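Quick caveat, the model's predicted, so the values are computed rather than measured. In each ligand, atom 1 is the first atom listed, and ligand 1 is the first ligand listed.
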Amino acid sequence: MAFRSLRIICRLGSMSNSVTVCRTFASAQTYQNILIEKKGEKQNVGLITLNRPKALNALCGPLVSEVIEALQEFDKDDSIAAIVLTGSEKAFAAGADIKEMMNNSYSHNHKHGFIENWSYITKCKKPLIAAVNGYALGGGCELAMMCDIIYAGDTAKFGQPEITIGTIPGGGGTQRIARSCGKSKAMEICLTGDQFTAQEAEKMGLVSKVFPADQTVAEAIKLAEKIGRHSPLITKLCKEAVNVAFETSLQEGLRFEKSYFWGTFATADQKEGMAAFAGKRKPNFKNE
Ligand SMILES: CCC/C=C/C(=O)SCCNC(=O)CCNC(=O)[C@H](O)C(C)(C)COP(=O)([O-])OP(=O)([O-])OC[C@H]1O[C@@H](n2cnc3c(N)ncnc32)[C@H](O)[C@@H]1OP(=O)([O-])[O-]
């Protein structure tokens, strides 16, 4: 991993699948609000755990900055195939930090680009899976929706309650729910502020699978490992192509997909993948 002055602690006892990584910069600065680990049989899954239990992982500025920094480090790290973002069993995240932002003014928000840095989360090139247990409210729900895939525990509670505290979703809630679940659901969720269950979220297409809460993270790691068996280069192209569907017209999206599809034939991994199929063997992708 590309962390400066990296310190790696192997967790004795649960060594098989877990390496905890702590940042130890020269300044002795460490993450205060998140934990980062490498997981999976090949240690190729980056796990970021939001860890601000006293505030139910409310997304204060420092926590979001740490998440962005950890994502950028995992994105640069060639040993990492995919990233899982999770919280605790009680809360993925109970929203943006209300106490931190309650006295913000319009001009402050405008001058300082309040929460504009959140969009870096969507710039991550590797697959990013949210493993959601407990509350995913407001900015917490929006953070999950910035990920590529959402797995949820059966006790997870989603919602956009901003309207109940005199504001509206600001981290993409109105747009991403409308795009994934349609206008009626988006309006109902954003205008009532009501919470909805993991099962409802799955039914409306916001979540791809629901698991018993104590298995959510393990299942997300398994999914990350499965994705990690493919060519990292082709995986990134595929993620980018799917994301284009949320940003353009169908015709433009189809043109983009075609150019990337054709482009894969310029890669060594396409040659390897198809040769492996024809030769009845497993592919050995080189990320080239
Ligand atoms: C991204 C841009 C747009 C986004 C906007 C938003 O997200 S707006 C936000 C949208 N989200 C909401 O409106 C949800 C707000 N939260 C809730 O409604 C409830 O906390 C609950 C229903 C999630 C859990 O109820 P429960 O009875 O099980 O637990 P509890 O209530 O006792 O909380 C424990 C501690 O955590 C604290 N804390 C919790 N959340 C936040 C927060 N967002 N902020 C700060 N602190 C928060 C809470 O104050 C308390 O601290 P204290 O007083 O002990 O020092």
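Ion pairing between a basic and an acidic side chain is recognised when a charged N comes within 4.0 Å of a carboxylate O; Glu188 and Lys185 show such pairing. Salt bridge annotation for Glu225-Lys222: absent, with no cationic side-chain nitrogen under 4.0 angstrom from a carboxylate oxygen.
Between Gly170, Gly173, Ala58, Gly159, it is Ala58 that holds the heavy atom closest to atom 42 (C) of ligand 1. Taking all heavy atoms of Gly95, Ala136, Ala94 into account, the minimum distance to atom 14 (C) of ligand 1 is reached by Ala94. With Gln160, Lys99, Met101, Glu100 as candidates, the residue nearest to atom 46 (N) of ligand 1 on a non-hydrogen basis is Lys99.
For atom 20 (O) of ligand 1, the nearest protein heavy atom lies under 4.0 Å away. In this structure, atom 32 (O) of ligand 1 has no protein heavy-atom contact shorter than 4.0 Å. Checking atom 23 (C) of ligand 1 against the protein gives a heavy-atom contact under 4.0 Å. Counting protein heavy atoms under 4.0 angstrom from atom 7 (O) of ligand 1 gives one or more. Within the 4.0 angstrom cut-off, atom 3 (C) of ligand 1 has one or more protein heavy-atom neighbours. There is no protein heavy atom closer than 4.0 angstrom to atom 27 (O) of ligand 1.
Here the CZ-CG distance, from Phe74 to Asn44, works out to 11.5 Å after rounding to the nearest 0.5 Å. Put simply, OG1 on Thr122 and CZ on Arg176 are 6.0 Å apart, with the number rounded to the nearest 0.5 Å. Taking CD1 of Ile163 as the reference point, atom OG1 of Thr192 lies at 9.0 Å (rounded to 0.5 Å).
Of all heavy-atom pairs spanning Ala156 and Val132, the tightest one is CB-O, 3.7 Å.
Protein heavy atom closest to atom 37 (C) of ligand 1, with residue, atom name and distance, is Ala55 CA, 3.9 Å. Scanning the protein heavy atoms around atom 1 (C) of ligand 1, the nearest turns out to be Trp118 CH2, 3.3 Å. At the top of the distance list for atom 30 (P) of ligand 1, counting protein heavy atoms only, stands Leu56 CD1, 4.5 Å. Atom 54 (O) of ligand 1 has Lys54 O, 4.8 Å as its closest protein atom, hydrogens excluded (heavy atom only). Atom 18 (O) of ligand 1 has its closest protein heavy atom at Leu137 CD1, 4.8 Å.
Geometrically, ligand 1 and Ala96 share a nitrogen or oxygen pair separated by less than 3.5 Å. Note: an N/O pair closer than 3.5 Å links Lys90 and ligand 1 by distance alone. The shortest N or O to N or O distance between Gly139 and ligand 1 is under 3.5 Å. Distances between N or O atoms of Ile98 and those of ligand 1 include at least one value under 3.5 Å.
Hydrophobic clustering keeps Leu137 apart from Phe196 (ILVMFWY residues linked when any side-chain heavy atoms are closer than 4.5 Å, directly or through intermediates). Linking Ile, Leu, Val, Met, Phe, Trp and Tyr whenever their side-chain heavy atoms come within less than 4.5 Å puts Ile68 and Phe92 in one cluster. Linking ILVMFWY side-chain heavy atoms closer than 4.5 Å, directly or via other members, places Leu59 and Ile36 in a single hydrophobic cluster.
Distances from ligand 1 to the non-hydrogen atoms of Lys157 include no value under 4.0 Å.
Counting heavy atoms under 4.0 Å from ligand 1, residue Pro161 touches it through the side chain alone. By the criterion of a heavy-atom distance under 4.0 Å, the side chain of Ile165, and not its backbone, is placed next to ligand 1. The side chain of Ile115, and not its backbone, has at least one atom closer than 4.0 Å to an atom of ligand 1 (non-hydrogen atoms only; side chain from C-beta on).
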_Arg281 and Glu272: CA distance, side-chain angles, deciding distance, salt bridge (charged side-chain N to carboxylate O under 4.0 Å, His left out) verdict_ = CA-CA 10 Å; Arg281 61 173 175 83; Glu272 169 62 12; 2.7 Å; yes

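The 12-atom threshold is exceeded at NZ of Lys271, counting heavy atoms of other residues, nucleotides or ligands nearer than 6.0 Å. The number of heavy-atom neighbours closer than 6.0 Å to CG of Leu254, taken from other residues, nucleotides and ligands shown, is above 12.
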